[in-house]
Protein chains: 2
Amino acid sequence: MATTIKDIAKKAGVSISTVSLVLNRKGYVAPKTKEKILSVMNRMDYKPLHSARKLATQKTGNIGYIIWEGHFSEVEMFYSQVFLGMEYAARKSDSYILLTTVKEDFDPKNDLPRFLQYKDVDGVALAGRVPHTLIEYLDNQELPFVLIDYELPGKSFNCIKIDNYNGAFRAVENLVLADKKYIAFVGGTFFHPSIKERYRGYREALEKYNLVNDGYLKKYSYCENIETSRSIGENGAIKLLNRHPEIDAIFCCNDTTAMGVITGIQKIGKKIPQEVAVIGFDDIPPAEYNMPKLSTVRVPKLEIGKQAFMLLSELINNPNMAPQTRIISVDLVIRESSHSEGNKQ
Amino acid sequence: MATTIKDIAKKAGVSISTVSLVLNRKGYVAPKTKEKILSVMNRMDYKPLHSARKLATQKTGNIGYIIWEGHFSEVEMFYSQVFLGMEYAARKSDSYILLTTVKEDFDPKNDLPRFLQYKDVDGVALAGRVPHTLIEYLDNQELPFVLIDYELPGKSFNCIKIDNYNGAFRAVENLVLADKKYIAFVGGTFFHPSIKERYRGYREALEKYNLVNDGYLKKYSYCENIETSRSIGENGAIKLLNRHPEIDAIFCCNDTTAMGVITGIQKIGKKIPQEVAVIGFDDIPPAEYNMPKLSTVRVPKLEIGKQAFMLLSELINNPNMAPQTRIISVDLVIRESSHSEGNKQ
DNA sequence: TTGATTTATCGAAACGTTTTAATATATTTT
DNA sequence: AAAATATATTAAAACGTTTCGATAAATCAA
């Protein structure tokens, strides 16, 4: 059917091996033979058959992308964007990203993604919070993997991290400079290390400006120890504002929560941002279309995907690399929800 | 390394061929040999190597999923959900879905997705509006493909269609029964056949109740011939309501537009749904979290993905099947944006 | 010049399956 | 009891590549 390496060899008057050598840029092959072969390949529109190549090399050319089911199926566009970033990067190296989801109550015995069961990937990217049993499984398998925006305390794995601390710090600092004095925090599960870091950024920014007095942090923080959602934001905003009407800004652990916070503030009837300013984190697409448009910390999602892919490629080619963490920096983007008069430009 | 069919054969005291036969449920093999082999397989945790199998069978076991770049990277969660539906279905048959995006100005000569260049898929699903040149290319390649929520006028391809007409009809009928008299339509490109159908449903529902008088349709329709977006909705609502203040309901070509329409209505200062009711189409996840919650026509996205996968599988196993269209039915879901008093339950 | 190295090419084995055709045995039909 | 058919097993070829080792020619060092 399709042209094979054999056809090329015959037409070019050389052996199969030689063709393979130019295909893989290996060994010695005379410039003019090489040229000849390349021209024949081009003329006959030759594409190596991946399955044959894979069989011979014992590599799959695939990378797995695993994400918690809720993260892909809900409003959350974050991890789809990261995925897209990986896909873009993968195009250049002719490999494929196989996406699959795992359930919350994942059990490695029964729910193992099929590309792991069948060893159809050379490496795996784990996006966001994933079951720890899965991480352990991969660690035991000696299959290269990277965590994206997640980590396990005490263990050192390959990681792509967001600069959560600085993002949060700058956001809160911006609120302070806009003359906000009572800045609350609304968030979800502290179990997630990224949220912990964002909280730390929040706290340290307040400390820098000496806003923190006794009980400040406790009074103005609202966290439910579950997956973040709009409803956490809405509940949090309503409870905090009723209890402490002096609150004039809310920094949220992410955009999803922030959009809920905005709903809550609107229900109470306060003006955004004049009475209460809001800043989120992530810059997911709906943030820009929210009413009012959401100020937030932009996380470069495509870039994260690209970096994950690159790190993974390095790991695959060099399995004994020491585990490393790469940190992706973020930018504050001010929109309507925190656009105070004094700060407008 | 991993156990191969050879190991199984040796341990079970049979030939490789016999093992292969039970693996593929083919030919004759004595019940007790079969049992023996299966037990050995189980004990040794044998998984056939996909690349070897693919090489031998000349099938890839992959299905491509192509989507316009803007549809995956923007707010639109619709096609990600359809993708997920395909992925779920694929799990059962041990195949993989390879997702890639194409640009608006796609050119088959240069931008062909790599899984098409390398013939790494047995079939392709095209999600939503995709470049016609791509459809033509696939048609020439004799590669099985299905269109999801799209069609080409005059051509009969394999299609998974949404019951757009009935969804729209029921939505508009519901508005009429809630005593709305001046029901507008806001939408995007008529170039998209689904939107055409939704408009037809709108029109015929109005006709059924004799609401359409001279100029009604022209007066109360706002369409920009570009990709749908929130801003089309916002602009449309503002223009229509300023020009025709009697409008008491707006049916939108999809949820994205509807959320824009809601923003527009809010800017003008009318109450939803008391003064102006809004119904969208699709039921994308943000619809439920919108303020007010958006009434809409629920399209079962996972089911669409599943049906696409199933149709594609049939096509792959039976290449001469006549092209067919499968229609997925939809449900009206009433939330706050059209929840008129008289209609509340 | 000789021997060592570098450059160039190729035959053949290997990767792990499926599948075809051959063979052998058991069962059924005549 | 012979012929025909169904059941059971297998050896070997095939799928399209990579890679190892052999071989030969060209270049270099002494």
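Keep in mind that the numbers below use all heavy atoms, side chains included, and drop hydrogens, waters and symmetry copies. Please read all numbers here as calculations on a predicted model, not as lab measurements. In what follows, chains carry the letters A, B, and so on, assigned in the order in which the sequence lines appear, proteins first and then strands, with residues in each chain numbered from 1.
With hydrogens and angles left out, the side-chain atoms of B/S20 and B/S17 include no donor and acceptor closer than 3.5 Å. A/T60 and A/D120 are not linked by any side-chain donor-acceptor pair at a separation below 3.5 angstrom, with hydrogens and angles left out of the test.
Of the candidates C/dC10, D/dT17, C/dT17, C/dC10 carries the atom nearest the A/L21 side chain, counting heavy atoms from C-beta on. If you check C/dT19, C/dT17, D/dT17 against the side chain of B/T57, the one that comes closest is C/dT19. The side chain of B/I16 lies closest to C/dT17 when the candidates are D/dC15, C/dT17, D/dT17. Comparing D/dT17, C/dG16, C/dG11 by their nearest atom to the side chain of A/S17 picks out C/dG11.
Contacts of B/T18 with the nucleic acid, taken as non-hydrogen atoms under 4.0 Å apart, include base atoms. Within 4.0 Å of A/T4, counting heavy atoms only, lie sugar-phosphate atoms of the nucleic acid but no base atom. Contact annotation for A/K26: backbone-only contact, meaning every heavy-atom pair under 4.0 Å involves sugar-phosphate atoms and none involves a base.
Of the residues in residues 30-43 of chain B, those lying under 4.0 Å from DNA chain D by heavy-atom distance are B/A30, B/P31, B/T33.
The minimum heavy-atom distance between B/D163 and B/S329, with the atom names listed, is CB-CA, 4.1 Å. Residue B/V102 comes nearest to B/P113 through the heavy atom pair CG1-CG, 4.1 Å, listed as atom of the first residue, atom of the second, then distance.
Without hydrogens or angle criteria, A/N140 side chain to A/Y137 main chain gives no donor-acceptor distance under 3.5 Å. A donor-acceptor pair is defined here as one N or O able to donate and one able to accept, closer than 3.5 Å; no such pair exists between the side chain of B/T101 and the backbone of B/E69.
Residue B/Y28 has no polar side-chain atom (N or O) positioned under 4.0 Å from OP1 or OP2 of D/dA8. Of the side-chain N and O atoms in A/R53, one or more sit less than 4.0 angstrom from OP1 or OP2 of D/dT18. For D/dT18, the OP1/OP2 oxygens have no side-chain nitrogen or oxygen of A/Q58 closer than 4.0 Å.
Between the CG atom of A/N24 and the P atom of D/dT17 there is a distance of 11 Å, given to the nearest Å.
Comparing A/G13 and B/Y46 along DNA chain C, the residue whose closest nucleotide (by nearest heavy atom) sits nearer the 5' end is A/G13.
Under the ring pair (Phe, Tyr, Trp, His ring centres under 6.0 Å) rule, B/Y65 has a single partner from B/F145, B/Y96, B/F115, B/F83, which is B/F83.
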